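Just so we're clear, the structure is a prediction, and the values are computed from it rather than from any experiment. Remember, it's 1-based here, ligands and their atoms both numbered in the order they're listed.
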Amino acid sequence: MTAAMPAACSLLLLLLLVAPVAAGDGGECVIDGVRWAAWANSKQLTEGLGIPEHTFSAFIFDLSVGRQALSAVMDISSELVWLQCWPGLRPTPTFLPDHSGSFAPIAPCPSSVRNNSGSFGQIHYADRTCQPGDHGCEARCRYMEHIYGAGNTSGYLATDRFGLGNRVVSGMVFGCSDNVTMRDDLNGASGFVGFSRGPLSLVSQLRLSRFSYFMELPDDPDNGNAFVCWSWGDYADAKGSHTPLLAARPNQNPYLYYVNLTGLQVDGQLLTGIPAGTFDVRANGSGGVFVSTTLPFTYLEEAAYKVLRRELMSRVQSQGLAPVNASAGHSLCFLTQHFSKLKVPKLALVFDGADATMELKAQNYFWNVSGGQTCLTILPSTTGGSVLGSLLQTGRTMTYDIHGDGGGQLTFSGAPAPAQVSLATLLLVWALLF
Ligand SMILES: *[C@@H]1O[C@H](CO)[C@@H](O)[C@H](O)[C@H]1NC(C)=O
Ligand SMILES: *[C@@H]1O[C@H](CO)[C@@H](O)[C@H](O)[C@H]1NC(C)=O
Ligand SMILES: *[C@@H]1O[C@H](CO)[C@@H](O)[C@H](O)[C@H]1NC(C)=O
Ligand SMILES: *[C@@H]1O[C@H](CO)[C@@H](O)[C@H](O)[C@H]1NC(C)=O
Ligand SMILES: *[C@@H]1O[C@H](CO)[C@@H](O)[C@H](O)[C@H]1NC(C)=O
Ligand SMILES: *[C@@H]1O[C@H](CO)[C@@H](O)[C@H](O)[C@H]1NC(C)=O
Ligand SMILES: *[C@@H]1O[C@H](CO)[C@@H](O)[C@H](O)[C@H]1NC(C)=O
């Protein structure tokens, strides 16, 4: 591995030096190596299974740590910034602490860390202390993180110098992972950058007031515009439609970005069959709607899903096309050869706020799976609560304004990336396995 690494590193470093890295809104933008990939079992769509492990999408960008150029998955629903630190764990590039020159483990755990357990992901921190005479023992702040859909990772906290966009951040707290139980190939990513509201996320450590991103499908005409940006300070509203980000209620996961979805429209008509309060948070903290960048599909409360499925099915059937397997109550698939000639019913999500309707393109909610079928990528939630997945967000700039009180504002717009990031070098992969 050491033979191949220097060449790969210098190539990446060169790209970092020559690629245009633009600052937007007084902050930073990363456009280097920004790419989106997804892995899913197509059975999940044809049979409508719940969210299994290994149904995952990775929105990846380049960064540097110590002296190494690496790339990592941007994840708005997990906390930790972490890198694979143990050679030979997986075939992806490994961060080598000994080569860094600025790497330092932290012990004991910082007082800010909190254990967090929820139905979508978990993180635990615990001090490892050493007894006198316990030779070779080093005190560490150990963590174990479960990333929903992706898998688990564990290791110890450390600090190092991070290069993010054109800014160098020294003393960034991150996880040096010596155990990663995830798929081998995350499209070259060596770890994750958590953008959740957790105390060690990038958002919390850098005290960001805003971040935004633009993901796109491989066949999108805007291809080449993907970016991740973040910034500090007070700003005017971003351009687009605005809806509040809701502070977590008791028993909800306080790290997630919740939105107030109020309804669904098909061909401009509100689906009145969805019972009032379907998307509301229940007293025990279940329910609610949050946004994810690492789950490719969207999961809706069953009461809403059923109404949506029935409406889409009847509108397609009225054009003379029947679903492949109408008896499969948890999915909606059609033969691609017929479906591609159809007028696809237009779906829109309605959020709280003036003019906060998100009109979707067919590729945001239908996908061609192997076997000649085109399936709805919206599925019923099995965990209580709805998740807006990454496929739904492709082709749209998503901007999160973060307020200290746990709330904030989400702005979405159909407009592609800001002009200054249009020169991005870009790689995109969509792999539908099994
Ligand atoms: C987290 O939970 C573990 C037990 O799973 C406990 O040992 C540890 O002290 C807790 N850490 C914090 C920071 O509360
Ligand atoms: C990952 O962690 C979760 C939560 O702690 C646990 O339920 C699951 O079994 C773990 N998975 C693996 C593969 O270790
Ligand atoms: C890695 O973590 C998994 C749980 O996610 C555990 O089952 C396994 O034993 C760990 N491996 C090592 C070498 O610690
Ligand atoms: C929470 O309450 C809802 C009804 O309000 C119930 O359907 C659900 O099973 C409860 N969840 C848990 C985890 O207790
Ligand atoms: C139809 O769906 C059911 C239930 O998910 C499944 O068991 C069956 O294999 C499917 N049939 C076909 C022809 O795909
Ligand atoms: C969600 O939006 C509806 C409609 O605008 C509003 O009545 C409700 O109070 C909002 N819920 C929360 C928790 O803000
Ligand atoms: C699916 O494939 C058909 C036929 O090749 C194509 O016309 C259509 O655009 C594809 N749909 C999506 C959502 O990719």
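Checking Asp178, Asn179, Thr92 one by one against Gln84, the side-chain hydrogen bond (donor to acceptor under 3.5 Å, both in side chains) holds for a single residue, Thr92. If you run side-chain contact (heavy atoms from CB on, under 4.5 Å) between Tyr213 and each of Ile76, Thr399, Thr397, only Ile76 comes through.
Residues Thr374 and Asn368 have side chains that bring a donor and an acceptor to within less than 3.5 angstrom of each other.
Here the heavy atom of the protein found nearest to atom 11 (N) of ligand 2 is Asn152 ND2, 2.8 Å.
Protein non-hydrogen atoms do not reach within 4.0 Å of atom 9 (O) of ligand 3. For atom 5 (O) of ligand 4, the nearest protein heavy atom lies closer than 4.0 Å.
Ligand 4 has a nitrogen or oxygen under 3.5 angstrom from a nitrogen or oxygen of Asn284.
Residue-ligand proximity: Met144 is placed with a non-hydrogen atom under 4.0 Å from ligand 2.
Among Val180, Asn179, Thr181, the residue whose heavy atom lies closest to atom 1 (C) of ligand 3 is Asn179.
Within ligand 4, counting atoms from 1 as listed, the ones closer than 4.0 Å to a heavy atom of Ser286 are 1 (C).
Between Tyr257 and Phe290, the ring centre distance reaches or exceeds 6.0 Å. For Tyr156 and Tyr143, the gap between ring centers reaches or exceeds 6.0 Å.
The shortest non-hydrogen separation linking Gln122 to Ser117 is CG-CA, 3.9 Å.
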